[in-house]
Enquirer: 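One structure, pasted below without further comment.
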Amino acid sequence: MAVAQVSDYVNIRKKPNENAEQLGKLYSNSVATVIRKKGDWYKVKSGSVVGYVKSDFVVVGDEDLVKSVGVQIAKVNTTTLKVRSKASQKSEVLTLVPDGEELEVASMKAYDDGWVKVTVDDGKGYVSSDYVDISREYTYAESKAEEEARLAIEQARLEAEEAARRAQEEAANSASSSGTSSQSTSSSTGTGSSSSTGTSSSSGTSSAPAVSSTSGSGQSVVNYASQFLGYPYVYGGSSLTGGTDCSGFVMSVYAHFGVSLPHSSSALRSVGYAVSYDSMQPGDILCYSGHVAIYAGGNTVIHASNPADGIKYTSPANYRPVLAVRRIF
């Protein structure tokens, strides 16, 4: 395995030549499988990309480094898994996790005793090793086509938001002009009728229309989600007012905007498209180990947290390790 060790990324090229066609990018701490070495270059496969990287920018054969850049995952393989406060069947149940969910492994030290320490929204807990499958996940290269598609989606989103902003400004200016015109007409004709005065007053004081809650912008998603602060957390639920769990909350908020998302925190790590943590914007979905939230801006998330707190804000956004950031709009 090769691990990229660069400030940002290293290009994967079609041939072992710095002037050769670029096929993709291997970002820092992303991994690739080495096929062979040719001079100062490695031929590698990472994700869907097969090509050459300069040996100066990757570390090969360092098992400890490979382990450190991967995230160890415990995937639930039973209908409902109990996460306990201690490595004992008699200890308190912290939370329940459904089949197929993925939890980040915090420690494998107790594995031989039948327990795995995992990260959940309530902190750290233990699950029986009989009911999870352990694997390690890595970040792989992004092909040139994948990068272009991602950037095109991002550009389209920015253009749509700019068009919506301009439309809102034009509507506000139009309303203001209409009000001024009506007032001038009423004054010059001297009618003074209640009908004219009423129309003039209504037009002159109208404010810019609010952005529709279904406009599909990230901020509108946050605005809508914020209406449900304080409502209860219910495991397996998806009702924003009657009770929902974390993935049900994200699913139901986005359903309001016509977007169908899965009721699974692990499945939500594959929706939309990936953005970096440093590029987060309101409305982005933050994926943690066994948990998801919506970024609300200001280094804060809104989420269905746990049975004790319900739907609430939490800051900072990385109050626990962030596994992925996904953008829908």
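Computed from a predicted structure; not experimentally measured.
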Enquirer: Provide the closest heavy-atom pair for P282 versus V222 in the form atom of the first, atom of the second, distance.
Expert: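 P282 and V222 have their closest heavy atoms at CB-CG2, 3.8 Å.
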Enquirer: Check whether any side-chain heavy atom of D245 sits under 4.5 Å from a side-chain heavy atom of Y233, and report yes or no.
Expert: yes
Enquirer: Of all the heavy-atom pairs spanning V132 and V127, show the shortest one and how long it is.
Expert: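 It is CG1-CG2, 4.0 Å.
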Enquirer: Just verifying a value: how many Å separate Y140 OH and S30 OG, rounded to the nearest 0.5 Å?
Expert: 10.0 Å
Enquirer: State, yes or no, whether a side-chain contact exists between E104 and V118 at a heavy-atom distance under 4.5 Å.
Expert: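 The answer is no; the side chains never approach within 4.5 Å.
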Enquirer: If you define the side chain from C-beta out and look only at heavy atoms, does anything of I302 sit under 4.5 Å from L229?
Expert: yes
Enquirer: Check whether any side-chain heavy atom of Y131 sits under 4.5 Å from a side-chain heavy atom of V76, and report yes or no.
Expert: no
Enquirer: Given side chains that start at C-beta, do those of V221 and F257 come closer than 4.5 Å, heavy atoms only?
Expert: yes
Enquirer: Going by distance alone, is a donor N or O of one side chain under 3.5 Å from an acceptor N or O of the other, for E169 and N173?
Expert: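 No, no side-chain donor-acceptor pair sits under 3.5 Å.
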Enquirer: Could you check whether any side-chain heavy atom of E63 comes within less than 4.5 Å of a side-chain heavy atom of M1, counting everything from C-beta outward?
Expert: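 E63 vs M1: side chains apart.
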Enquirer: Please check if any side-chain donor atom of S238 sits under 3.5 Å from a side-chain acceptor atom of H263, or the reverse.
Expert: no
Enquirer: Any idea how H291 and Y288 line up, ring-wise: parallel (<30°), tilted (30 to 60°), or perpendicular (>60°)?
Expert: tilted
Enquirer: Looking only at side chains, do Q5 and N29 share a donor and an acceptor under 3.5 Å apart?
Expert: yes
Enquirer: Check the pair R13 / E18 against salt bridge (charged side-chain N to carboxylate O under 4.0 Å, His left out), numbers first and verdict last.
Expert: CA-CA 8 Å; R13 298 190 180 276; E18 291 182 357; over 6 Å; no
Enquirer: Between R84 and E92, does any side-chain N to carboxylate O distance fall below 4.0 Å?
Expert: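 Salt bridge between R84 and E92, a charged N being under 4.0 Å from a carboxylate O: no.
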Enquirer: Are L103 and T119 side-chain neighbours, meaning at least one heavy-atom pair lies under 4.5 Å?
Expert: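 L103 vs T119: side chains apart.
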Enquirer: Within a radius of less than 6.0 Å around NZ of K82, do more than 12 heavy atoms belonging to other residues, nucleotides or ligands occur?
Expert: no
Enquirer: Atom OH of residue position Y138 - does it have more than 12 heavy atoms of other residues, nucleotides or ligands inside 6.0 Å?
Expert: yes
Enquirer: Roughly how far, to the nearest 0.5 Å, is CG of D284 from CZ of R327?
Expert: 4.0 Å
Enquirer: In plain terms, say whether R166 and E170 are close enough for a salt bridge, that is, a side-chain N and a carboxylate O under 4.0 Å apart.
Expert: no
Enquirer: Answer yes or no: is there an ion pair linking D64 with K67, defined by an N-O contact shorter than 4.0 Å?
Expert: no
Enquirer: Check whether any side-chain heavy atom of I285 lies under 4.5 Å from a side-chain heavy atom of I328, and answer yes or no.
Expert: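 With C-beta onward as the side chain, the pair touches.
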Enquirer: Just how far is it from atom OH of Y224 to atom CD1 of I294, taken to the nearest 0.5 Å?
Expert: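 Separation between the atoms: 10.5 Å.
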Enquirer: Measure the CG-CG distance between L268 and L286 for me, rounded to the nearest 0.5 Å.
Expert: 11.5 Å
Enquirer: For a quick test of reading the model, state the closest non-hydrogen atom pair linking Q89 to W115 and the distance between them.
Expert: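 In terms of heavy atoms, the two residues are closest at N-CZ2, 3.7 Å.
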Enquirer: What's the shortest heavy-atom distance between V49 and E142, and which atoms?
Expert: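 What the structure gives for the nearest pair is CG2-C, 4.2 Å.
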Enquirer: Under a 4.0 Å N-O cut-off, is there an ion pair linking E21 with K144?
Expert: no
Enquirer: Which residue, E146, E148, E147, forms the salt bridge (Lys or Arg N to Asp or Glu O under 4.0 Å) with K25?
Expert: E147
Enquirer: Can you list the steps and then say if S226 with Y313 is a side chain to side chain donor-acceptor pair (under 3.5 Å)?
Expert: CA-CA 9 Å; S226 299; Y313 287 123; 2.9 Å; yes
Enquirer: Nearest heavy-atom pair of V44 and A32: which atoms, and what distance?
Expert: CB-CB, 3.8 Å
Enquirer: How long is the span from the CZ atom in R320 to the NZ atom in K124, to the nearest 0.5 Å?
Expert: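 One gets 8.5 Å once the value is rounded to the nearest 0.5 Å.
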Enquirer: Report yes if the distance between the aromatic ring centroids of F249 and Y254 is under 6.0 Å, otherwise no.
Expert: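 No, they do not, as the ring centres are separated by 6.0 Å or more.
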Enquirer: For Y231 and T244, which I'm curious about, is there any donor-acceptor pair between the side chains at under 3.5 Å?
Expert: no
Enquirer: Could you measure the distance from the CG atom of L94 to the CG atom of N306? Nearest 0.5 Å is fine.
Expert: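 L94 atom CG to N306 atom CG measures 10.5 Å (nearest 0.5 Å).
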Enquirer: Any salt bridge linking K75 with D133? Criterion: basic side-chain nitrogen under 4.0 Å from a carboxylate oxygen.
Expert: no
